[in-house]
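Report on the structure given below.
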Amino acid sequence: MSGIALTAAPPAASDSPGLLRRLAGNRSAALGGVLLALVLGFAVVGPLLWPGDPWEMVAAPMLWPGEDMANPLGTDVMGRDLATGLVSGARVSLLIGLVATLIAATIGTLFGALGGFYGGRTDAVLMRVTELFQTVPTFVLAVVLVAVFRPSVTTAVLAIGIVSWPATARLVRAQFLVLRDREFVLAAETLGMSTPRLILTQILPNALPPVIAMSTLTIAHAIQTEAALSFLGLGDPNVMSWGTIIGGGREQLTEAWYVCGLPGIAIIVTVLAFNLLGEGLNDALNPHLQRR
Amino acid sequence: MAGAAVKRRGLRSFLLRRLWQVVPVLFGIAALNFLILQVAPGDVVDVLAGEAGAATPEYMAQLRAAFGLDQPVPVQFAHYIWNLVTLDLGFSFRQNMPVLELIMSRLPATLLLMLAALAIAVTLGSLIGVVAATRVRSWVDTLLSGFVLLTYAVPTFWLGLMAIVLFSAVLGWLPSGGMYTVGAGLTGFALVGDVLAHLLLPALTLSTFYLAVYARLVRSSMLELYGADFIRTARAKGAGEWRITLVHAFRNALLPMVTMLAYQSASMLSGAVLVETVFSWPGLGRLAFEAIRTRDLNLLLGILFFSSVVVVLVNLLVDLVYVLIDPRVDPTARRA
């Protein structure tokens with residue numbers, strides 16, 4: 001699990017040294033980076049500070065945060081430690097957000113690349129499918145998928161990945177449409193480069209930067225979707241996620257609102273971090289685009 | 001006047017053509033539903049009839065025959081499509097009602113919630129956007145961008161829960177859930193007022209995200225329009241700043257908002273599921289939540305299909321509104 005948390009580091013470290021400096025100079029990217037570092041630190045160091053099973057009942061129920069320093073963030077209605085639960089939630093959210101985004105980015109890139117490169121009928125068919133997925137209310141589709149295939153981390157990741165790819169597909173397609181007719185691509189084609197190699201080694205690397213920026217935003221959305229799914233009771237029954245804690249705390253909302261409140265703040269901070277970072281990446285990768 | 005007649009005739013063929021374009025989309029949605037049923041663990045009928053023996057064996061057998069499970073998949077698909085075309089979405093044994101009837105009974109509440117949220121989002125969003133655009137880089141503008149960032153990050157259902165804590169538990173201003181006071185037996189205006197009081201929190205919660213989106217959109221399109229030639233002309237003719245803002249710029253800034261609306265009808269339905277669950281609002285979303293709780297998968301699939309149809313219809317409606325409010329749009333023009 002910690003290995004996965006580590007790979008969630010900002011995907012900013014690409015080949016150009018100027019990018020990192022540009023990112024650090026960008027206010028929203030810098031703030032996003034700091035927030036993300038906090039969340040990552042919480043996910044990595046948390047288990048050392050609050051070891052143990054988040055499901056275990058360790059103290060009196062409904063202890064308010066700060067009431068007992070053994071449970072600094074308090075306990076829920078079953079006497080389970082909230083700090084331990086929040087750490088578990090951080091790891092689940094990052095894991096699901098990241099893997100689901102990877103799936104979405106892969107499907108989206110595949111659809112967009114094929115449609116943009118071949119055009120014509122292939123493009124028409126692929127775009128119709130994309131439109132279809134943009135018409136269906138995505139969250140309802142995710143709910144149906146998870147419910148039909150039984151709630152688990154795997155189904156959550158797959159369902160979120162399946163509903164999140166259309167935006168990436170459109171972006172990649174637009175990129176491919178532009179890049180396909182550029183001189184360097186025509187040159188490579190003239191040299192007799194095979195189509196798969198042309199796509200993979202010539203066009204794709206040039207189409208990727210905005211995809212990375214968009215994927216950062218997709219992670220944010222995936223984390224929100226996961227929280228919403230587990231809030232509705234469609235989370236993995238063996239995994240304590242932020243949404244699960246909020247869903248469980250609903251019954252005692254008025255007596256102990258912090259049980260719902262704290263995980264929500266954790267979600268906001270994490271989503272904000274990825275959103276800011278994505279926005280910053282977008283600016284840094286498209287320096288010509290003036291922000292309005 | 002001849003122009004108006006041409007436009008009206010164009011509108012009709014435009015409508016017919018758009019209606020025709022809807023068919024493949026609906027077919028695609030049905031195919032998606034069928035695909036889910038096919039890959040689902042267990043037999044299609046197991047999924048459709050719900051689990052843990054809620055359906056009678058007779059109904060299961062009847063369903064198996066209706067689906068022709070012994071027949072090749074294309075035939076099964078044809079059966080499935082035919083069922084949908086005849087609006088037969090099956091029967092919910094948990095709720096003891098046909099799925100379509102269940103959905104129809106819950107639809108008005110969802111539409112009311114969505115329309116209310118939309119009205120709030122459009123009104124407040126435009127207001128904030130216009131104010132921010134007239135005072136670029138002032139504290140109002142900065143506050144707006146902070147607010148937008150925050151609303152993008154706040155989960156809707158969490159916002160709803162916190163609103164209940166604040167406005168209903170702590171302040172006691174508004175009811176925490178439901179659509180009307182049960183057992184109060186209110187009628188007439190008292191009932192309307194009661195429903196409105198129940199509607200306010202869920203509608204505000206659902207609208208927050210869209211409010212931010214619209215505010216940002218209106219702000220940027222207003223800023224763009226301020227540099228346009230026709231605004232300069234209006235200014236040269238001596239129109240007051242308020243007149244320019246409202247009559248000239250804002251009217252045109254409304255157009256991108258209508259476009260956005262079409263994009264967001266799907267996401268708003270998704271949001272309604274969560275908001276209705278939080279506030280026990282008796283609409284489609286709450287029905288979906290009940291279906292999840294009881295593992296009534298057929299009902300859930302019916303809701304997915306039906307809500308997709310609603311999105312398609314809303315998109316159609318938005319296209320129509322667009323033609324009506326923007327005289328530059330030529331309904332007879334074909335898509336390139």
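Every heavy atom of this structure was used, including side-chain atoms; hydrogens, water molecules and symmetry mates were not. Model, not experiment: these values are computed from the prediction. Within every chain, numbering begins at 1; the chains are lettered A, B, ... in the order of the sequence lines, protein sequences first and strands thereafter.
Aromatic ring orientation, A/F111 versus A/W165: tilted (interplanar angle from 30° to 60°).
In this structure A/I268 satisfies the side chain to side chain contact (heavy atoms under 4.5 Å, CB included) test together with B/L150, B/A153, B/V154, B/P155, B/W158, sequence neighbours excluded.
Annotation: the span from A/Q224 atom CD to A/N275 atom CG amounts to 7.5 Å, rounded to 0.5 Å.
By the 4.5 Å heavy-atom criterion applied to side chains, B/L166 and B/M162 are not counted as neighbours. The shortest side-chain heavy-atom distance between B/S267 and A/P137 does not fall under the 4.5 Å cut-off.
For a residue to count as touching a neighbouring chain, one of its non-hydrogen atoms must lie under 4.5 Å from one of that chain's; by this rule B/I164 touches chain A with the side chain only. Heavy atoms of B/S307 lying under 4.5 Å from chain A belong to its backbone as well as its side chain. Interface residue A/L234: only side-chain heavy atoms are found under 4.5 Å from chain B. Both the backbone and the side chain of B/Y152 come within contact range of chain A, each with at least one heavy atom under 4.5 Å from a heavy atom of that chain. Both the backbone and the side chain of A/A227 come within contact range of chain B, judged by heavy atoms closer than 4.5 Å. Neither the backbone nor the side chain of B/V314 comes within less than 4.5 Å of any heavy atom in chain A. In this structure, chain A has no heavy atom under 4.5 Å from any part of B/V310. In this structure, the portion of A/L132 lying under 4.5 Å from any heavy atom of chain B is its side chain and not its backbone. Of the two parts of B/I292, only the side chain, counted from C-beta on, holds a non-hydrogen atom closer than 4.5 Å to a non-hydrogen atom of chain A.
With 3.5 Å as the limit, one finds a donor-acceptor pair spanning the side chains of A/T244 and A/S241.
Ranked by heavy-atom pairs shorter than 4.5 Å toward chain B, the options A/G233, A/A228, A/A142 are led by A/A228. Top candidate by heavy-atom pairs under 4.5 Å with chain B, chosen from A/V146, A/V143, A/T270, A/V129, is A/V143. Here B/L274 is the residue among B/V311, B/L269, B/L274, B/V25 with the most heavy-atom pairs under 4.5 Å with chain A. Across A/G243, A/P151, A/A220, A/G261, the residue that shares the most heavy-atom pairs under 4.5 angstrom with chain B is A/G261. The choice from A/I223, A/T138, A/L141 that makes the most heavy-atom pairs within less than 4.5 Å of chain B is A/L141. Annotation: maximal heavy-atom pairing with chain A below 4.5 Å, among B/V39, B/V309, B/L159, occurs at B/V39. Contact count against chain A (heavy-atom pairs under 4.5 Å) is highest for B/V278 among B/V312, B/N33, B/I303, B/V278.
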key: From CA spacing to verdict: salt bridge (charged side-chain N to carboxylate O under 4.0 Å, His left out), A/E131, A/R128   = CA-CA 5 Å; A/E131 269 166 33; A/R128 276 290 134 78; 3.6 Å; yes

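Heavy atoms only, all atoms of each residue included: B/A272 and B/L206 are closest at N-CD1, 3.8 Å.
For the pair B/R106 and B/E276, the salt-bridge criterion is not met [side-chain N within less than 4.0 Å of a carboxylate O].
Tested against B/F27, the residues B/Y80, B/F305, B/F77 include a single ring pair (Phe, Tyr, Trp, His ring centres under 6.0 Å) partner, B/F77.
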